[in-house]
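First up is the structure itself, then whatever we jot down about it.
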Amino acid sequence: MPRPVAILASLTAEELRDFLPEPLLGQARAVTPRFTVWDPTGQSAADFASALAAADPEVLLACWKTPPLPPVLPPRLRYVCYLCGSVRRLVRRDQLEAGLVVTNWGGSISRVVAEWALFHILACLRRAPHWTIAMHTEGAWKNGGTETASLFGRRIGLHGYGQIARELVQLLRPFHVTITSFAPDVTPEVEAAHGIRRAASLESLFAENDIIVELAPLNPSTAGLVQEKHLRLIRPGGVFVNVGRGAVVDEAALLRVAQEGRIMVGLDVYGVEPLPADSPFRGLRNVSLTPHIAGPTTDRRCDAGAFAVENLVAYAEDRPLRAVITPTVYDTST
Ligand SMILES: NC(=O)c1ccc[n+]([C@@H]2O[C@H](COP(=O)([O-])OP(=O)(O)OC[C@H]3O[C@@H](n4cnc5c(N)ncnc54)[C@H](O)[C@@H]3O)[C@@H](O)[C@H]2O)c1
Ligand SMILES: O=C(O)[C@H](O)COP(=O)(O)O
């Protein structure tokens, strides 16, 4: 029997529509008669603190537009169910250490982000940026002078082997590729169970594969980890895709390498976002650019909503939660 926990849902109208379309909102409301929605649109940190004090919730259901939690939490707050990914902007580490339970969207949207990595890989191999510019603006047609390549049978290197990388492995299987990963948690057991290889080093990952996909998290130990020396190990005609976080890569070095035109580059994320209008990446024909839209797509935010509702029900029934952010997870995730 669920406990009648007080839940404050901090969601804009758009977030409600996308993350909790019916029947999910009804299911969330059915968890407890004490379910209140607060819209953070245009609200200040002080407004948020007042809303928390008035509702005095045991559970906060939060989303992208929710302001950071105030340093002093409302007395009954025990659980923050975050509908999205990185909780750093919402929750302070000391609040976790003090016992606040926090979950995020886990792997519920990872396949959609993996889908966009696959898009960039294919766009790069087929030289889609070149042909998009040339056909839309130059009246061009194929001329035999622009190489194209297929994904079938290629060697893929994954930097990072978390939830998105694991979904990408599934999407890549039909292409009969060889997959190698470099990440601290790829053990021989994971290697055997997933049918992937382990790279001996970041250098060998870049040197021994045709296509590199950047999926390591951004944390103090990974900022700027991918340097010019790594990017220059990618062989001519190779592909570098980043759908993780821009700041994991030395972006100035990436620009230099991209401008030489030896490799194809697919980017969804950047060191500075929005990407400045005058960024030299814009207009490079060997670079596929998208504006941080890897995921989750509007139509699949409901997957994160369904995952969150399951956690809310589990919490009210005193069952274990999924995707709990421990201090270690907090430190090592984006
Ligand atoms: N572009 C987008 O719209 C979008 C959407 C969702 C997530 N992301 C980003 O994609 C990245 C991956 O997300 P995820 O959900 O797979 O993350 P995750 O937390 O599930 O996995 C991260 C993995 O990175 C690896 N890792 C940890 N420390 C490392 C290190 N020092 N060097 C190399 N690898 C290391 C580990 O294998 C770990 O499992 C994150 O940065 C996330 O923020 C981007
Ligand atoms: O890039 C991402 O990770 C997604 O767009 C979600 O962002 P978030 O991690 O800030 O929720």
Side-chain angles (χ1 to χ4, degrees), residues 15 18-19 62-66 68 80-91 102-120 157-171 179-187 190-191 194 196 198-199 201-203 205-206 212-227 230 241-249 266-271 273-275 288-298 300-301 303-305 307-308 322-326 328-334:
E15 289 172 342
D18 297 341
F19 283 86
C63 202
W64 279 315
K65 300 288 188 210
T66 304
V80 175
C81 180
Y82 189 46
L83 279 154
C84 307
S86 175
V87 303
R88 286 165 185 262
R89 48 158 290 281
L90 180 71
V91 182
V102 178
T103 58
N104 72 357
W105 60 21
S108 62
I109 55 82
S110 302
R111 62 182 181 162
V112 178
V113 184
E115 178 188 14
W116 203 236
L118 181 60
F119 163 86
H120 275 288
L158 305 177
H159 184 212
Y161 199 62
Q163 305 185 84
I164 298 169
R166 290 167 198 230
E167 292 288 350
L168 182 57
V169 167
Q170 300 310 317
L171 297 185
I179 301 173
T180 305
S181 183
F182 182 69
D185 52 353
V186 178
T187 59
V190 169
E191 190 183 359
H194 293 210
I196 62 165
R198 267 190 313 161
S201 65
L202 191 54
E203 283 74 10
L205 186 82
F206 276 70
I212 305 294
V213 184
E214 182 50 64
L215 280 167
L218 177 61
N219 62 43
S221 72
T222 61
L225 190 62
V226 176
Q227 302 162 19
H230 301 113
V241 166
N242 191 354
V243 291
R245 281 290 182 268
V248 173
V249 182
L267 299 177
D268 185 60
V269 289
Y270 309 89
E273 296 184 358
L275 183 69
S288 172
L289 297 175
T290 55
H292 201 146
I293 55 170
T297 50
T298 316
R300 296 274 26 131
R301 290 178 190 163
D303 295 335
F307 188 86
R322 294 197 294 162
V324 174
I325 310 296
T326 62
T328 305
V329 171
Y330 188 94
D331 290 343
T332 53
S333 305
T334 295

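Atoms within each ligand, like the ligands themselves, are counted from 1 in listed order.
Set against the non-hydrogen atoms of Ala216, the atoms of ligand 1 under 4.0 Å away are 33 (C), 34 (N), 41 (O). The contact set between ligand 1 and Gly295, taken as ligand atoms under 4.0 Å from a residue heavy atom, comprises 3 (O), 5 (C). The atoms of ligand 1 that sit less than 4.0 Å from any heavy atom of Asp268 are 1 (N), 2 (C), 3 (O). Residue Arg245 approaches ligand 1 through these ligand atoms, each under 4.0 Å from one of its heavy atoms: 8 (N), 9 (C), 41 (O), 43 (O), 44 (C). In summary, the atoms of ligand 1 found under 4.0 Å from a heavy atom of His159, numbered by their order in the structure, are 32 (N), 33 (C). Set against the non-hydrogen atoms of Ala183, the atoms of ligand 1 under 4.0 Å away are 34 (N), 37 (O). Remark: ligand 1 atoms within the under-4.0 Å shell around heavy atoms of Leu215 are 11 (C), 12 (C). Interface of Trp64 with ligand 2, defined as ligand atoms under 4.0 Å from a residue heavy atom, comprises 6 (C), 7 (O), 8 (P), 10 (O), 11 (O). Of all the atoms in ligand 1, the ones that sit under 4.0 Å from a non-hydrogen atom of Thr222 are 30 (C), 31 (N). Listed by atom number, the atoms of ligand 2 under 4.0 Å from Gly295 heavy atoms are 4 (C), 5 (O).
Closest protein heavy atom to atom 3 (O) of ligand 2: Arg245 NH2, 3.0 Å. In terms of protein heavy atoms, atom 19 (O) of ligand 1 is closest to Ser333 OG, 4.3 Å. Scanning the protein heavy atoms around atom 4 (C) of ligand 1, the nearest turns out to be Val243 O, 3.7 Å. With respect to atom 6 (C) of ligand 1, the closest heavy atom belonging to the protein is Val113 CG2, 3.7 Å. Among protein heavy atoms, the minimum distance from atom 6 (C) of ligand 2 is reached at Trp105 CH2, 3.3 Å. Gly244 CA, 3.4 Å is the protein heavy atom nearest to atom 10 (O) of ligand 1. At the top of the distance list for atom 21 (O) of ligand 1, counting protein heavy atoms only, stands Gly162 CA, 3.1 Å. Counting protein heavy atoms only, atom 28 (N) of ligand 1 is closest to Pro184 CG, 3.8 Å.
Residue Ser86 places no heavy atom under 4.0 Å from ligand 1. Note on ligand 1: Thr332 sits outside its first shell, no heavy atom being nearer than 4.0 Å. At least one heavy atom of Pro217 sits closer than 4.0 Å to an atom of ligand 1. A heavy-atom separation below 4.0 Å is not found between Gly85 and ligand 1.
Remark: the Asp303 side chain and the Ser108 side chain contain no N/O donor-acceptor pair separated by less than 3.5 Å. A donor-acceptor pair shorter than 3.5 Å can be found between the side chains of Tyr161 and His194.
Considering backbone and side-chain atoms alike, Ser86 places an N or O below 3.5 Å from some N or O of ligand 2. When only interatomic distances are considered, the shortest N/O to N/O separation between Asp185 and ligand 1 falls below 3.5 Å. For a threshold of 3.5 Å applied to N or O pairs, the pair formed by Val269 and ligand 1 contains no separation below that value. On a distance-only criterion, Thr334 and ligand 1 share at least one N/O pair closer than 3.5 Å. By the 3.5 Å distance cut-off applied to N or O atoms, His292 is counted among the residues near ligand 2. At least one N or O atom of Ile164, backbone or side chain, sits closer than 3.5 Å to an N or O atom of ligand 1. Taking distance alone, with nitrogen or oxygen atoms compared against 3.5 Å, Gly85 approaches ligand 2 more closely than that limit.
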Check against side chain to side chain contact (heavy atoms under 4.5 Å, CB included), Val226 and Asn242 = CA-CA 11 Å; Val226 176; Asn242 191 354; over 6 Å; no
With side chain to side chain contact (heavy atoms under 4.5 Å, CB included) as the test, would you mind laying out the steps for Val243 and Leu215 before giving the verdict?
-> CA-CA 7 Å; Val243 291; Leu215 280 167; 3.6 Å; yes
Please lay out, stage by stage, how Phe19 and Trp105 fare under the test ring pair (Phe, Tyr, Trp, His ring centres under 6.0 Å).
-> CA-CA 11 Å; Phe19 283 86; Trp105 60 21; 7.2 Å; no
So Val269 and Glu273, side chain to side chain contact (heavy atoms under 4.5 Å, CB included) or not? Walk me through it.
-> CA-CA 8 Å; Val269 289; Glu273 296 184 358; 3.6 Å; yes
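Closest approach of Asp268 to Ile293, counting heavy atoms only: OD1-N, 2.8 Å. Nearest heavy-atom pair across Ser181 and Val186 is OG-CG2, 3.9 Å. The two residues Tyr82 and Ala62 make their nearest non-hydrogen contact at CD1-O, 3.5 Å. Residues Gly107 and Gln163 share a closest heavy-atom pair of N-OE1, 2.9 Å.
Within the set Glu214, His292, Gln163, the minimum heavy-atom distance to atom 17 (O) of ligand 1 is found for Gln163.
Without hydrogens or angle criteria, Arg301 side chain to Leu83 main chain gives no donor-acceptor distance under 3.5 Å.
By the 30° and 60° cut-offs, the orientation of the rings of Trp116 relative to Phe119 is parallel.
Under the side chain to side chain donor-acceptor pair (under 3.5 Å) criterion, Arg166 pairs with no residue at all, not counting sequence neighbours.
By the 6.0 Å and 45° rule, Arg198 does not stack over the aromatic ring of Phe182.
Atom NE2 of His159 sits about 4.5 Å away from atom CG of Leu202, to the nearest 0.5 Å.
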